[in-house]
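One structure below.
Counting convention: from 1, in listed order, for ligands and their atoms alike.
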Amino acid sequence: MKNKINIRLVGIAILAIIATVAGITVIYYNLFQVQVRSDLAVSAKLLKDTHYFESVNIDTDKIDLSTDISELRVTWVDTDGTVLYDNDNTAESLSNHMNRPEIRDAFRTGTGESIRRSDTMKENTFYYAVLLDNGTVLRASTDAKSLWSVFMSAAPIIGLIILLIIAVCVVISNMLTKQLIRPIEMMAQNLEDTDFTSPYKELDPFSDMIRSQHADILSAAKARQDFTANVSHELKTPLTAISGYAELLDSDMVAEGQKNHFYKEIRKNADRLIALINDIIRMSELDRKGGVPFEEMDLYEAVSECAEGLAVNASQRGIALSLEGQACPLRGNRDMIKELVENLAQNAIRYNTDGGNVWITVKSQDGRAVLTVRDNGIGIPASEQHRIFERFYRVDKSRSKATGGTGLGLAIVKHIVEIHDANLELDSAPGVGTTISVYF
Ligand code: ADP
């Protein structure tokens, strides 16, 4: 960043210097040209007023100007354009001057002027011609530097100034960047301090975003820590039980008639472990999953495929399960939706009472496919309802464990609902029952 600012600042300074020098040179050169032309005109008119050339009257040998005025070239031209005298050359060596614009103008209007560039571009020659009283023309001319050579003669000084400015710019831009960056560095150091305001209001959206991302990262890290702690705890309980029962059996301290009970307990805890591990693997799969493949499917069909198995499960616990509804087209992931139905229905069976009911309905409402799982079981107290979708949160821990619950079912449901961009609605009252609806 420092280098970029340095280069830009120096670049701007160089451009500014070149533009200024070029502008001043053009203005100065124009003034200089005006001055040269007016000096030439004055000289030519002065020479005319002396009537010197009329007095010599063609006897050009008498004329001698070359020693006195070397910067000024004087040419005297006859009425037919023949050069009668030139203080720089011999008259005979010069061609007819009638076609020179300044001479032509002087014959026509009394005065004429023109500027001609030299071949080298280094100099310009300025001409001013006046008509003398005897009909001949007197021309004064002088060489002056061209605009380009004036500019070039300033080049060394411009170069020097540019070097100086570069040095100053580097120092200033170093100071500037330090000043600019210091508050940003301060902000980075105080990211967690919510009272710390960003030094520039332009940085507000940036700092807000970084803060919220920072908070997200912290809370995700905390959630991961909590999850790991919960998982370890959840796994430890059945493993400790299995180890304890196995130890008892191993030490031959169990009466023959009781052994069966211990075997069953070991089996039950092992099943619990498997269920837990399956749900944990599922949870982390859902956490990782990016692009879930969606397909055009029928919600009613998917639910009916689960209903049979669920009904058997329900009847084992003396609960009646029914499915009602009609075909409901939906774009989603079939396996995930079946998993969602099974989790909701298992809960409706698990947290029910003997002789209870589970009603599953599928319908279309305002163009949306709606799945509802209702039971007349134990219900959920209002104070607990907002927490039941959290990982490992259980209202009645012992009942959940006794019935094979892992505490992850609704967390998986919530995940699947989010993946499908659907909405969840929970309506429950203790002793009355629970209704959970998913609006796809
Ligand atoms: P679990 O494996 O313990 O059932 P869930 O995440 O599926 O875990 O559910 C979380 C908690 O929400 C359950 O432990 C239970 O207390 C409560 N719950 C879920 N569904 C119902 C329901 N239909 N009726 C009563 N309570 C329920």
Side-chain angles (χ1 to χ4, degrees), residues 223 226-227 229-231 233-238 268-287 303 306-307 309-311 313-314 316-323 336-361 370-419 422 424-438:
D226 289 352
F227 185 64
N230 279 331
V231 165
H233 180 75
E234 293 285 338
L235 294 177
K236 201 177 159 194
T237 321
K268 207 175 85 190
N269 279 288
D271 285 348
R272 217 176 113 57
L273 265 181
I274 292 168
L276 258 169
I277 288 167
N278 279 339
D279 273 2
I280 291 164
I281 291 173
R282 191 70 192 121
M283 212 51 230
S284 61
E285 267 174 11
L286 288 171
D287 274 343
V303 177
C306 315
L310 286 167
N313 206 317
Q316 282 168 357
R317 300 188 187 215
I319 290 156
L321 184 138
S322 72
L323 166 65
M336 283 190 179
I337 286 178
K338 280 169 82 170
E339 196 176 350
L340 173 140
V341 174
E342 297 214 343
N343 277 332
L344 289 178
Q346 287 289 6
N347 278 354
I349 297 166
R350 204 177 279 153
Y351 305 104
N352 217 317
T353 44
D354 264 351
N357 292 81
V358 175
W359 297 276
I360 305 178
T361 48
V370 185
L371 165 78
T372 307
V373 179
R374 179 164 78 91
D375 64 68
N376 53 355
I378 61 169
I380 307 158
S383 59
E384 309 273 354
Q385 285 178 12
H386 68 287
R387 298 205 59 187
I388 58 165
F389 294 96
E390 287 174 21
R391 297 169 184 197
F392 295 115
Y393 189 82
R394 301 166 175 109
V395 180
D396 182 349
K397 230 181 170 103
S398 54
R399 187 180 182 123
S400 161
K401 283 186 179 168
T403 50
T406 60
L408 287 172
L410 287 183
I412 293 173
V413 165
K414 190 177 154 203
H415 236 311
I416 295 175
V417 165
E418 277 166 5
I419 289 172
L424 256 176
E425 233 177 61
L426 166 71
D427 182 18
S428 184
V432 179
T434 302
T435 308
I436 295 183
S437 305
V438 184

Legend entry - Residues forming a ring pair (Phe, Tyr, Trp, His ring centres under 6.0 Å) with F227, sequence neighbours excluded: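 With sequence neighbours excluded, F227 shows a ring pair (Phe, Tyr, Trp, His ring centres under 6.0 Å) to F392, given in chain and number order.
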
Among all protein heavy atoms, pick the one closest to [atom] and tell me residue, atom and distance.
atom                    : result
atom 7 (O) of ligand 1  : N347 ND2, 2.8 Å
atom 16 (O) of ligand 1 : V395 N, 3.0 Å
atom 4 (O) of ligand 1  : Y351 OH, 2.7 Å
atom 8 (O) of ligand 1  : G407 CA, 3.2 Å
atom 11 (C) of ligand 1 : Y393 O, 3.6 Å
atom 3 (O) of ligand 1  : S400 OG, 2.6 Å

Legend entry - Options D396, L426, T406, L410, ranked by nearest heavy atom to atom 6 (O) of ligand 1, top entry: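 Among D396, L426, T406, L410, the closest heavy atom to atom 6 (O) of ligand 1 belongs to L410.
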
Legend entry - Contact (N/O only, under 3.5 Å) between I378 and ligand 1: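 No; the residue has no nitrogen or oxygen that sits under 3.5 Å from a nitrogen or oxygen of the ligand.
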
Inset, instruction - For ligand 1, indicate whether the residue F389 contacts it via side chain, backbone, both or neither (heavy-atom separation under 4.0 Å). - result: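 Contact part for F389 vs ligand 1: neither.
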
Legend entry - Residue portion contacting ligand 1 (non-hydrogen atoms closer than 4.0 Å) for I380: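 The answer is the side chain of I380.
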
Legend entry - Set of side-chain contact (heavy atoms from CB on, under 4.5 Å) partners for E384, sequence neighbours left out: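 Applying side-chain contact (heavy atoms from CB on, under 4.5 Å) to E384 gives I380, P381, Y393, V395.
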
Legend entry - Lys/Arg N to Asp/Glu carboxylate O, E342 vs R282, below 4.0 Å: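 So E342 does not pair with R282 through a salt bridge.
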
